[in-house]
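Working notes for the structure below.
In this chain, numbering begins with 1 at the start of the sequence shown. Indexing begins at 1, ligand by ligand and atom by atom, following the structure's order. All values derive from a computational prediction rather than experimental measurement.
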Amino acid sequence: MSGNDALIIGRFQPFHNGHMEVLRKVFQECDHVTIGIGSAQLSHMGDNPFTAGERYLMIAEALRAEGYSNFYIVPVEDLNRYALWVAQVTSMCPPFDIVYSNNPGTRRLFREAGYEVRTSPLYNRNDYSGTEVRRRMAEGDGWRELVPKRVAEVIDDIGGVDRVRQIGESDDIRY
Ligand code: ATP
Ligand code: MG
């Protein structure tokens, strides 16, 4: 425990190049990083297609491919009760001192609980966003350049594009 351990939390649906850029910066500034996979219970839905385990694999593979090993990955389920959110996260994660988040609600909650909260710049946000990656998958546009190579391989292995397309289909069957 060095007093320089970070937490970053996101849904990572999927893990993309913007997340990778943030983590490169966090690894420069901190000794150890815990990556919380938020809304861990959700999968197979439009905004949340991938399971916590699949997202775990994407993140671990992408970071290992860049030579990082000083990280933990912890899935965290939603409580839907924000006053208890910090307790939920700390109960699941190894100890940390610094929280990296751009989400105003998350920043406020951790600051109220006494944590140091840092923001990171947004990298190419028009393209590097989970929403944009999922849109391109659904519409058949090129999405691979938006994610680390190992993430694209995991998505291929699990039939991710097919899943995103199918769960985006209407359930109106017309005869
Ligand atoms: P979605 O569009 O599904 O919400 P997202 O791209 O916002 O996906 P999240 O998992 O919701 O990804 O975000 C986790 C954290 O990563 C958030 O704090 C978010 O601000 C940050 N983040 C996301 N994209 C970028 C980016 N391009 N550059 C820097 N930070 C980013
Ligand atoms: Mg988001």
Side-chain angles (χ1 to χ4, degrees), residues 6-30 33-63 66 68 71-80 82 85-86 88-89 92-93 96-113 115-139 141-152 154-155 158 160-161 163-165 167-168:
L7 171 81
I8 181 163
I9 194 150
R11 289 177 12 266
F12 306 115
Q13 291 281 14
F15 186 79
H16 57 62
N17 289 340
H19 299 133
M20 193 69 229
E21 281 292 335
V22 175
L23 275 165
R24 287 192 193 108
K25 177 170 131 61
V26 177
F27 280 119
Q28 278 174 9
E29 295 179 358
C30 298
V33 183
T34 296
I35 300 149
I37 299 180
S39 299
Q41 81 282 7
L42 297 180
S43 71
H44 294 81
M45 294 170 72
D47 287 345
N48 295 283
F50 304 115
T51 67
E54 290 163 347
R55 289 177 271 163
Y56 188 113
L57 197 57
M58 292 173 200
I59 298 165
E61 293 281 314
L63 294 183
E66 296 212 358
Y68 296 113
F71 61 90
Y72 298 118
I73 302 174
V74 181
V76 184
E77 294 184 13
D78 290 328
L79 268 188
N80 294 319
Y82 289 120
W85 173 239
V86 172
Q88 162 86 339
V89 173
M92 299 297 292
C93 293
F96 55 88
D97 323 286
I98 306 161
V99 178
Y100 285 81
S101 176
N102 291 323
N103 179 281
T106 301
R107 295 167 52 75
R108 177 78 198 183
L109 285 166
F110 278 98
R111 198 163 272 146
E112 284 181 7
Y115 287 90
E116 179 184 344
V117 178
R118 294 183 188 168
T119 45
S120 59
L122 287 169
Y123 303 98
N124 189 10
R125 181 63 173 159
N126 286 342
D127 293 330
Y128 294 166
S129 96
T131 301
E132 175 65 9
V133 178
R134 296 190 302 274
R135 185 196 67 73
R136 292 194 190 186
M137 288 175 166
E139 296 181 7
D141 293 339
W143 55 274
R144 286 168 197 277
E145 67 260 32
L146 306 185
V147 304
K149 186 164 174 286
R150 286 296 296 128
V151 170
V154 171
I155 289 169
I158 62 176
V161 173
R163 185 189 302 168
V164 167
R165 283 196 195 143
I167 59 189

Under 4.0 Å, counting heavy atoms only: does Pro121 come that close to any atom of ligand 1? yes
What protein heavy atom lies closest to [atom]? Include the residue and the distance to one decimal.
atom                    : result
atom 14 (C) of ligand 1 : Gly10 CA, 3.5 Å
atom 27 (N) of ligand 1 : Tyr123 O, 2.7 Å
atom 2 (O) of ligand 1  : Thr131 OG1, 2.5 Å
atom 19 (C) of ligand 1 : Asn102 ND2, 4.4 Å
atom 31 (C) of ligand 1 : Leu122 CD2, 3.8 Å

Scanning both residues in full, the closest heavy-atom pair of Ala52 with Ile37 reads O-CD1, 3.8 Å
Show the nearest heavy-atom pair for residues His19 and Pro14, with the distance to one decimal. CE1-O, 3.6 Å
Strictly distance-based, threshold 3.5 Å: is any side-chain N or O of [X] a donor or acceptor partner for the main-chain N or O of [Y]?
X      : Y      : result
Asp127 : Leu146 : no
Arg55  : Arg11  : yes
Arg136 : Gly142 : yes

I'd like to know if the side chain of [X] pairs up with that of [Y] as donor and acceptor (distance under 3.5 Å, no hydrogens or angles considered).
X      : Y     : answer
Asp78  : Ser39 : yes
Tyr128 : Glu21 : no
Gln13  : Asp47 : no

Check this for me - ligand 1, Asn103, N or O atoms closer than 3.5 angstrom, yes or no? no
Check whether any N or O atom of Tyr128, backbone or side chain, sits under 3.5 Å from an N or O atom of ligand 1, and answer yes or no. yes
Counting from 1, what ligand 1 atoms have a heavy atom of [X] closer than 4.0 Å?
X      : value
Gly130 : 2 (O), 3 (O), 5 (P), 6 (O), 8 (O)
Ser129 : 6 (O)
Phe12  : 10 (O)

Kindly identify the option in [options] whose heavy atom sits closest to [atom].
atom                    : options                      : answer
atom 7 (O) of ligand 1  : Gln13, Arg134, Arg125, Arg11 : Arg125
atom 30 (N) of ligand 1 : Val22, Ile9, Thr106          : Val22
atom 12 (O) of ligand 1 : His19, Lys25, Met20          : His19

Are there over 12 heavy-atom neighbours, none belonging to Arg24, within less than 6.0 Å of that residue's CZ? yes
Under 4.0 Å and counting heavy atoms only, is there anything from the protein next to atom 17 (C) of ligand 1? no
Side chain, backbone, both or neither: which applies to Glu132 and ligand 1 if a contact is any heavy-atom pair less than 4.0 Å apart? neither
What is the ring orientation for Tyr115 with Phe96, classed by angle as parallel under 30°, tilted 30 to 60°, or perpendicular over 60°? parallel
